[in-house]
Every structure is written in structure tokens, then in C-alpha cells.
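Only a predicted model underlies this, so the values are computations on that prediction, with no experimental measurement involved. Proteins get letters first, then strands, A, B, ... in listed order; numbering begins at 1 in each.
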Protein chains: 2
Amino acid sequence: MQKYVDTLKRSQLFYGVGDSEIVAMLNCLQAKMLIFKKGDYIFREGERIDHITVLVEGKILVQHDDFWGNRNIVNVIRVGEMFGEAYVAPESGALLNDVIAEEDSSVIFFDIKRILTVCSTACRFHSMVVQNLFFSISEKNRSLVQKIGHMSKRSTRAKLLSYLSDEAKRHNSNRFTIPFSRQQLADFLCVDRSAMSNELCKMRDEGLLKFDKNEFILL
Amino acid sequence: MQKYVDTLKRSQLFYGVGDSEIVAMLNCLQAKMLIFKKGDYIFREGERIDHITVLVEGKILVQHDDFWGNRNIVNVIRVGEMFGEAYVAPESGALLNDVIAEEDSSVIFFDIKRILTVCSTACRFHSMVVQNLFFSISEKNRSLVQKIGHMSKRSTRAKLLSYLSDEAKRHNSNRFTIPFSRQQLADFLCVDRSAMSNELCKMRDEGLLKFDKNEFILL
DNA sequence: ACTCCTTTGTTGTAAATACAACAGACTTGT
DNA sequence: ACAAGTCTGTTGTATTTACAACAAAGGAGT
């Protein structure tokens, strides 16, 4: 776990906390690391959890498959981001989605009780971590609202434009790489892959954008 | 503001805090109440805020209109619930939606700095309020994920069934009242009102459900 | 270099949806 | 009680989407 202290320092949860404090807190919070292979389930829909997690290596998808076989990719978790904050409240109920390793991934687990309870020993940065937890979940909240904004558009083209222009804004550049394959992007925007592919190519032919694999340039 | 102490006691933010403590904290946190008429904007998209709000009377809609005139109702805020938690973090950026009074409403505003800063005087319940803030935003997070679950369904009928069965589960009853008019429900599920109305009546004729105004019974 | 497998683009068709237009029921205010 | 306005249900049509099936391109492993 020691090798990931640098990653943790740049994570949402430990933002503003120094190296030595992080090492101390890993102990104080009794953190545990687990390694998952691509395709492994980290959590399953319906599970109840009492740990929050920080991804220190790999990529994770939060997704849901209905019984018609349609997949809905709810969120992507990247290195330094968290998962589980929304499901550790006393009355939160069971997970609404599956959480799956999209690449080989390393995940650190923290017992929520230990984070919310002020520890008796001297963890100076404990309250900062609690505040970071709040800011982190509020950021996730906003990203869900943005996703809803994309999905709310009526046509496939409008959904694509909404998503792509948002990504451009997020990267402060009209040139950016998306974290999705075509099928995954379709599952994220909840549209048909072939129709989306078709629409993307039409938009390219009309000179609205260029793309190569997962790299897009808006014009 | 005093007349709403009972309401605040049952609110997300002050859950577990006693009457006298609430009165003390209204002072300590320098809370301010504003009254809005039906149709008034409480916040506008693009605004930056540093207060969280608790609704003590009325009903509020969080919504977004795009330039094709399509309205997307992102969330409903009912008495006792909050708005703004997701936008008071230092780097949160501007509001992504409009916040509008759907009925005449009374709203109490709290400066986020005063909530996150432990006060020098004796507010014993201050840390409980911070924890409530975290639980409250995590609940909102889950309700957004549920809404995404409804919207992700491909057909209007599947969207309706997803939403209605969720409401039934939430009310622990197959008979319940929804907080939306038909147009609002369509805006919430992001479908065409007439197509949705049509689908609802088909489902009624097939014996799947009954409804009268906003009251639904699933069969 | 070869095969196997995955991903992406392409096309046609059937099905679903958005849109417009309207009628009837219900509200609200005078 | 009346008029004006809103909400809901209904229908037809044009548009859009989902689905299936396939071809081409790219990658992984032998």
C-alpha cells in the first residue's frame, strides 16, 4: 500500500493531507487494499456496504444491466476517485448498481465508521478528510446531474453534442480523449450503438468534429 | 422562523437535534428565511452559491430548459429536504440547473462556511449537523442514480414502469400519489407528454394499473 | 504471417417516438 | 353561472430509433 501514498496524496479523499499523515491514517483507519482483475466484480447490485473505496490503479465502471440485456453505464471511476460514499449512510439501503473493474485495478477500502468517528489518537487531518468526503460526494453529485443533462436530450445527435462539448469544457481543449469504447459510450448515453456510430460519422462528414479511436476534436 | 422549528426537527439537516439546540443553531449559523411565490426563481443556472437551503414550506423543482424548449425536471425538493449541498464546495463551479418554486414556498438559507467551521461557542450538535449534511447529499446521490435508472430504459412504457414501481416501493404500498402533473412526469422521464399519456392509458386498459389524477394503483 | 476475436462502420426494415392539432374535463377568477 | 385558461386524453403523420445482419479494420496470440 505504501507505493500508493503519492496517488493517495492526489486523491479526492486525502487532498491537502501530507505524506506522513497519510501513512499514519492508513494505520489509524485500518485501510485494506484488494486487487481485482479486469472484469471482476468489486461490488454487486443489492449488496450492502460499510466501506468506502479509493481507486489507486486501473479503471472502474459503475453499471447496471436490465433483463432485456441493455447495459447502462452510470459512472466511470478513475485513479484517485472514490466509490461507495453514497451507500454507507445508516438508511441508505442496498447498492443500485454493479461495480466492475474495467482494467486490472487496485482498490483501498476504508471502514466508514472509523472515518466518521473522531479518533482518540492524534489524527490532525481527520476532520479535513471528512470535509473532503463531503466535497467528493458533491462532485459526484454534479457529474450525475451532468449525465442526466446529456440523457435528457431527445435525439442521439443532441446527446452526443451535449456529452462531447462537456468533455471539451472539462479538458479546457477542443481535443480530448474519452474513457469509453463506442459500445460503452452508447451504454453511457443510453442509445443504440450502431445508430450512434452512424450519427458520429454523419457529424464528421458535416465537418462538426473529427475523431480517431477515442480521441475527439471538435471543430 | 420560530414556527418552523418543528419542521426543521424533522428535516434531513437537523435530524437528531433537539428543539432548543435548533433555536440556538439558527442563531449561531445566522440562518435567514426567504419567501417565494409560485413560479419564482430561487436560484438560476450559472449562479454561484455559498449557502445551502432547507425547504420548510411548499415545493421546489430543480429543472433545466434547453433551447429547443424541452424541459428536464431533474429533482423535486419537498418540505424538510435541502438544496445546494452539491454546489458549495470550493471548486464546484456554477449551478447546472434552475431552482424554481412550484408552490408558494419558504426557504431557510445557511452559510456553508459557518456550517463547516466548528464554532467557538458551545454548539454540541454541530458535528452531527455536518454528518447529516453528508448523509443528506448521499441520499440525493442515490435518488439521482434512480432517476438515471428510469431514464436509461429504452421505451416510454419501461420508463413508466421503472418509475412507478420505484414509487410503490418507496411508499411501501401499491397505492400512492406522485408529485407531478402529466407534463411534469413527462419532463422528469424525458419523454413526450402525449406519447406518455397514451402509454399510460394503454397500460390501464391492459389492467396493469389504475390512476385518478396523481394517484396511482399498481395491480 | 496467420487465425481468431473484438471493435467499428454501414445499411435496410420494423417499431417506437415526437410533434401537431384538437376535444373534453376540470379549475380559477369574476 | 359564466368565461378563460389549463390539463389530460386521443389520433394521424413524419421522423427517429432500435435491431439485425454483415463488412471492414484493428489487435492479440501463436
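Between A:Met203 atom CE and C:dG9 atom P there is a gap of 13 Å when expressed in whole angstrom units. A straight line from CG of B:Leu160 to C1' of C:dT17 spans 13 Å, rounded to a whole angstrom. Distance B:Gln183 CD to C:dC26 P: 20 Å, rounded to the nearest Å. Atom P of nucleotide D:dT8 and atom CZ of B:Phe180 are separated by 13 Å, given to the nearest angstrom. At whole-Å resolution of the value, CE in B:Met196 and C1' in C:dA16 are 16 Å apart. Per the geometry, CG belonging to A:Asn214 stands 10 Å off P belonging to C:dG9, to the nearest Å. Distance, A:Arg71 CZ to D:dC19 P: 15 Å, rounded to whole Å. Between the CZ atom of B:Phe216 and the C1' atom of D:dT8 there is a distance of 11 Å, rounded to whole Å.
No side-chain donor-acceptor contact under 3.5 Å links B:Gln63 and B:Asn72. Checked by atom type, the side-chain pair A:Arg193/A:Ser197 shows no donor-acceptor distance below 3.5 Å.
Look at B:Arg193 and you won't find any side-chain N or O under 4.0 angstrom from OP1 or OP2 of D:dT8. Listed pair B:Lys213 / C:dT27 meets the phosphate criterion, a side-chain N or O lying under 4.0 Å from OP1 or OP2. Applying the 4.0 Å criterion to OP1 and OP2 of D:dT17, one finds that A:Thr156 has a side-chain N or O inside that range. Dashed line: the shortest gap from a side-chain N or O of A:Arg154 to OP1 or OP2 of C:dT17 is not under 4.0 Å.
For B:Asp192, the listed nucleotide lying nearest its side chain is C:dA18; candidates were C:dA18, D:dT8, C:dG9. Of the candidate nucleotides D:dT10, C:dT17, D:dA18, D:dA18 has the atom nearest to the side chain of A:Ala195. Picking from C:dT11, C:dG9, C:dT8 the nucleotide with the shortest atom distance to the side chain of A:Ser181 gives C:dT8.
Screening A:Leu13, A:Val17, A:Ile108 for a side-chain contact (heavy atoms from CB on, under 4.5 Å) involving A:Leu8 leaves a single residue, A:Ile108.
Taking for each of A:Glu199 and B:Arg182 the nucleotide of DNA chain D with the nearest heavy atom, the 5'-most of the two is the partner of B:Arg182.
In this structure, A:Phe109 and A:Phe36 have tilted ring planes: the angle between them lies in the 30° to 60° band.
Within the 4.0 angstrom heavy-atom criterion, base atoms lie near A:Ser197.
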Could you check B:Arg157 against B:Glu199 for salt bridge (Lys or Arg N to Asp or Glu O under 4.0 Å), going step by step and ending with a plain yes or no?
CA-CA 6 Å; B:Arg157 171 174 293 217; B:Glu199 201 65 35; 2.9 Å; yes
